[in-house]
There are 2 protein chains.
Amino acid sequence: MPKSHYKPDSFHLRDSIGYLIKRSQRLMQERIEGLFEQQNFTLQQWAVLMYLRDGLATTTADMCRNLHHDSGAMTRLVDQLESRKLIERRRSADDRRVVELSLTEAGAEVLDTLIPTACDALNSALDGFTREEVKTLQSMLRRLIGRMEELMPNSAAASDKEKVS
Amino acid sequence: MPKSHYKPDSFHLRDSIGYLIKRSQRLMQERIEGLFEQQNFTLQQWAVLMYLRDGLATTTADMCRNLHHDSGAMTRLVDQLESRKLIERRRSADDRRVVELSLTEAGAEVLDTLIPTACDALNSALDGFTREEVKTLQSMLRRLIGRMEELMPNSAAASDKEKVS
DNA sequence: CGGCAATGACTGCCTGGGCAGGCATTATAG
DNA sequence: CTATAATGCCTGCCCAGGCAGTCATTGCCG
């Protein structure tokens, strides 16, 4: 029996976790994209580059699953990054449906300037937080995400399943 | 001198607060809007109705400031809710530029069904959290929001300023 | 082998937000 | 009072994501 943290009778939007998360997310995004603006990058584009760099995804479909992004939108996003010579598409030899993505040198260089900017933004947002508080916040958000992925059968939760049997 | 919670050398996207918040936000929104889907409501529409009910905003401009929403988008959102007879527009007599918004009875009734649904969604997402943990999470998010509003001169931070002198 | 589902990438269409401009109304300065 | 700025609401345009459908390729099963 889950605790009822929120009750319909005494519910006020501004106390809701959903509202607070939404507001934080929006501010964070505006802030980081604002700092990226000179180089004209969006958070999603940055995420794709990061995932490529770290080998967390190598194909478009991978990227969509791991970043929980629409596949149509991903195609167009990849188009842009490719036309800016930051990544390359290459048809896979093994499975000719698949398009392998890879970071170009230019892409890697761009990341070297983007990452410190993002770190600064995060650190300044977390100014006043102790190490423990940040860890607590991370862990709580992860628990929240875990709970919600359990509750949503469809969308995701398939990210860490390819290691089964 | 703010602590450097994140360092460019050892930065991984999936540990970033920004990433975790974004993921939580998206899951939360999908979940609640999914539950609202039968009645076809979006989070923003719901927020407008809630703010009207609680008297947190009475005009379109108020709503935009408090919800940090685009004014053009707000006009269209209000159009929809009005055409569904959930709210009413009325030109103000004092200031004829202003359009006063008010909740209709139908709007209030809809809220009575929406709020329990949202509470359930929040409670089930927070299943496993103690009261203290929820309070901690709320307070951390508020601190984060506060920090970022300081860092962003433009967008907001004007919400609680009309009580000065 | 032959049929059929599943997968990956892509495309077209729709919707909603961001942004800039317009109009009416009100506030302010001279 | 008049000219100018500021405010509130609205509209048009653009862009990105959500969704459905297409096409090619691969896997599966008889």
Side-chain angles (χ1 to χ4, degrees), chain A residues 22-23 25-27 29-31 33-34 36-37 40-48 57-83 87-101 152 154-156 158 161-162, chain B residues 22-23 25-27 29-31 33-34 36-37 40-48 57-83 87-101 152 154-156 158 161-162:
Chain A
K22 179 149 196 167
R23 181 94 188 97
Q25 195 279 322
R26 168 168 274 290
L27 280 167
Q29 173 152 352
E30 282 176 8
R31 170 118 174 95
E33 289 190 346
F36 283 178
E37 200 172 18
N40 223 56
F41 279 104
T42 183
L43 275 191
Q44 291 294 342
Q45 295 172 335
W46 179 54
V48 167
T58 57
T59 75
T60 319
D62 265 6
M63 208 60 91
C64 292
R65 275 188 291 268
N66 295 333
L67 289 175
H68 313 276
H69 199 67
D70 180 76
S71 95
M74 183 59 74
T75 292
R76 290 180 280 253
L77 198 161
V78 168
D79 284 345
Q80 296 172 8
L81 292 178
E82 188 187 29
S83 73
I87 65 177
E88 286 174 348
R89 271 196 251 238
R90 197 175 54 83
R91 212 86 210 180
S92 165
D94 302 352
D95 185 338
R96 302 202 26 251
R97 290 170 299 186
V98 171
V99 171
E100 308 268 359
L101 303 176
M152 314 269 289
N154 17 340
S155 71
K161 289 231 174 135
E162 65 267 16
Chain B
K22 178 148 195 168
R23 180 93 189 99
Q25 195 280 321
R26 165 168 276 290
L27 280 168
Q29 173 153 352
E30 282 178 6
R31 170 117 173 97
E33 289 190 345
F36 282 178
E37 201 171 18
N40 223 57
F41 278 105
T42 184
L43 275 192
Q44 291 294 343
Q45 296 172 333
W46 179 55
V48 167
T58 58
T59 75
T60 319
D62 265 6
M63 208 60 90
C64 292
R65 276 188 293 268
N66 295 332
L67 288 175
H68 314 278
H69 200 66
D70 180 77
S71 96
M74 182 59 75
T75 293
R76 290 179 279 252
L77 198 160
V78 168
D79 284 345
Q80 295 172 8
L81 292 178
E82 188 187 28
S83 74
I87 65 177
E88 286 174 347
R89 270 195 252 240
R90 197 175 53 83
R91 211 88 210 179
S92 166
D94 302 352
D95 186 340
R96 303 204 24 251
R97 290 170 300 185
V98 171
V99 171
E100 309 268 359
L101 302 176
M152 313 270 291
N154 16 342
S155 71
K161 288 228 176 139
E162 65 266 16

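Chain letters run A, B, ... following the sequence lines, proteins first, then strands; residues in each count from 1.
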Walking DNA chain D from its 5' end, the first of D94(A) and T42(A) to be reached, judged by nearest nucleotide, is T42(A)

Whole Å only: how far is the CG atom of L81(B) from the P atom of dG16(C)? 11 Å

D95(B) near the nucleic acid: base, sugar-phosphate alone, or nothing, with a heavy-atom cut-off under 4.0 Å? sugar-phosphate

Under 4.0 Å, counting only non-hydrogen atoms across every strand here, what does Q45(A) touch: a base, just sugar-phosphate, or nothing? nothing

For H69(A) and T59(B), find the nucleotide of DNA chain D closest to each by heavy atoms; which residue's nucleotide sits nearer the 5' end? T59(B)

Take atom CE of M74(B) and atom P of dA20(C), then tell me their distance rounded to the nearest Å. 19 Å

Phosphate contact (dG8(D) OP1 or OP2) by R65(B) side-chain N/O below 4.0 Å: yes

Atom CG of D94(A) and atom CD of E100(A): how far apart are they, to the nearest 0.5 Å? 7.5 Å

Quickly work out the Q29(A) CD to dG18(C) P distance and round it to whole Å. 10 Å

Please state how far atom CG in D70(B) lies from atom P in dG16(C), giving the value in whole angstrom units. 14 Å

With sugar-phosphate meaning primed atoms plus P, OP1 and OP2, does D62(B) contact a base, only sugar-phosphate, or nothing at under 4.0 Å between heavy atoms? nothing

Phosphate OP1/OP2 of dC9(D) contacted by T60(B) side-chain N/O (<4.0 Å): yes

